[in-house]
Amino acid sequence: MKRFAVIGNPVAHSLSPRLHEYVFKQLGIDANYSTIQCTKKQIPKIIKRLRSSQLNGINITLPLKQSIIPYLDVIGEHAQTIGAVNCISVKNGKLFGHNTDWIGFQTALENEKIQIDGVTCIVVGAGGAARSVLYTLAMNRVGNIILVNRTIERAENLKRHTESFFSNVKIKIGEWREIDKQELNQTLIINCTSVGMMPNVNDCPVPENFLLPSHTIIDIVYSPFRTKLYRAGQSINAKTLSGLPMLIYQALASLDIWFGKSISEKVRTSELQEFLKIIIKKYELNYDAKNKISN
Ligand code: ATR
C-alpha cells in the first residue's frame, strides 16, 4: 500500500485526505492519505520518512510551502519561479519539489472556459495563493493586472517578484476607491485572500458595489462553498467560480505526479465535487454558521 499525507500547521481541517481517499476508492487504488501536523522544526523528520519510503509522496500546506525547499534535491521549474512547493515526489530516494497550485488554477480556468488572454484582471491578495495565481495569469498572456492588497508592501514585493520573471507583465498596485469600475467592465476579479473563509462567512474581500454582471468573479476560498463574494456575484448574474475546482485540480495534478500516469483523466470529478460539497456543508454546520448565511 502506498502512503501519502499533507503536512502543515494547522492541518486538522484539511479537505485533502477526504478528497484523495475518495479518488483512491473511485479508482480502486491501494493507498491511504493522512494529515500530519508539522512545524518548521519537524520538517527533517518528514524528510527522513520520505527518503526511507515510509511515505511515498506528500502535499505541503501553510506555512511550510517555502521552508520545505532547502530540504529537497530537485525543484521543478514552475515551483522554482513561484517560490513555493506544495507537492513532493520521491524517485530512487531523491526528493522532487513541485507546485501544482498554479496547475489547479489553470485547469479550473480551462474547464470553465474562462478566457484570460488580453483580459484585465484584478488580483486581491499578495500571499502564497496570489503568487501561484499571478504565475498562471502571466503564463497565459493576461492583459493588465491590478493588484489590491491590505498591506501595500507585500503587494510591492509580489509585483517585483512576478515582473522579474515575466518582462511582458505589468502590474499596477491599486486601491478599490481609485479603480473606475465602469472602465473595467470585462474584468476578471480573483480573490486570493482568506477573507470570507469559515467562520467569517459574511466578510467580503471586494466592495459589493464594485461588482458588475459583466465581471467574472473567482474566489479561491472553498469553505464555505458559497462565500459572501460568490453569493454577491451570483446575485447579479455575474459568472462566478468557487475555489473548490482549483483545490480538486491541484490534488489531481499531485496524483499524476506520484503515480506517473494520467490518473486525473479517469476521475469522475463532478461526483468528487458533490462529495466534497457535502463535507464542507457538514463543517459549516459544525461551526453553527448556517444561520449567518443570509441568501
Ligand atoms: P496564502 O498563502 O494562503 O495566500 P498568506 O500568505 O497568509 O496566505 O496571505 C493571506 C492573504 O490574505 C494576504 O494577502 C493578506 O493580506 P496582508 O498581506 O495584508 O496580510 C490577506 N488577508 C488576510 N486576512 C485579511 C483581512 N482580514 N483583510 C484583508 N486582507 C486579508
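The analysis underlying the following values was restricted to heavy atoms, covering all of them including side chains, and did not include hydrogens, waters or symmetry mates. Predicted, not measured: the structure shown is a model, and the values here were computed from it. Along the sequence shown, residues carry numbers from 1. Remember, it's 1-based here, ligands and their atoms both numbered in the order they're listed.
Considering Asn149, Val148, Val133 only, the shortest heavy-atom separation from atom 15 (C) of ligand 1 involves Asn149.
Formation of a donor-acceptor pair under 3.5 Å by the Ser16 side chain with backbone atoms of Val6 is not found in this model. In this structure, the side chain of Arg3 does not engage the main chain of Leu55 through any donor-acceptor pair within 3.5 Å. Thr136 contributes a side-chain N or O that, together with a main-chain N or O of Ser132, makes up a donor-acceptor pair within less than 3.5 Å.
Arg154 NH1, 4.5 Å is the protein heavy atom nearest to atom 10 (C) of ligand 1. Protein heavy atom closest to atom 20 (O) of ligand 1, with residue, atom name and distance, is Arg150 NH2, 2.9 Å. When hydrogens are left out, the protein atom nearest atom 23 (C) of ligand 1 is Ser194 OG, 3.3 Å; that is the closest non-hydrogen contact. Residue, atom and distance of the protein heavy atom nearest to atom 11 (C) of ligand 1 are Thr193 CA, 4.0 Å. Considering only non-hydrogen protein atoms, atom 9 (O) of ligand 1 sits nearest to Gly127 CA, 3.5 Å.
Of all the atoms in ligand 1, the ones that sit under 4.0 Å from a non-hydrogen atom of Leu62 are 2 (O), 3 (O). Taking every heavy atom of Ala129 and a limit of under 4.0 angstrom, the matching atoms of ligand 1 come to 1 (P), 2 (O), 4 (O). Every atom of ligand 1 is numbered from 1 in the order shown, and the set under 4.0 Å from a heavy atom of Val195 is 25 (C), 26 (C), 28 (N), 29 (C), 30 (N), 31 (C). Contact atoms of ligand 1 toward Gly125: 14 (O) (distance under 4.0 Å to a heavy atom of the residue). Near Thr151, with a cut-off below 4.0 Å to any heavy atom, the atoms of ligand 1 are 17 (P), 18 (O), 19 (O), 20 (O).
Some N or O of Gly128 is nearer than 3.5 Å to an N or O of ligand 1, by distance alone.
A salt bridge links Glu163 to Lys159: one of the charged nitrogens lies within less than 4.0 Å of a carboxylate oxygen. Salt bridge absent: Arg131 and Asp101 never bring a charged side-chain N and a carboxylate O closer than 4.0 Å. With respect to Arg51 and Asp73, a salt bridge is recorded, a charged nitrogen being found less than 4.0 Å from a carboxylate O.
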| task | Could you go through the ring-ring contact (aromatic ring centres under 6.0 Å, His included) check for His20 and Phe4 one step at a time? | result | CA-CA 9 Å; His20 285 273; Phe4 302 94; 7.7 Å; no

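By the 30° and 60° cut-offs, the orientation of the rings of Tyr135 relative to Trp102 is perpendicular.
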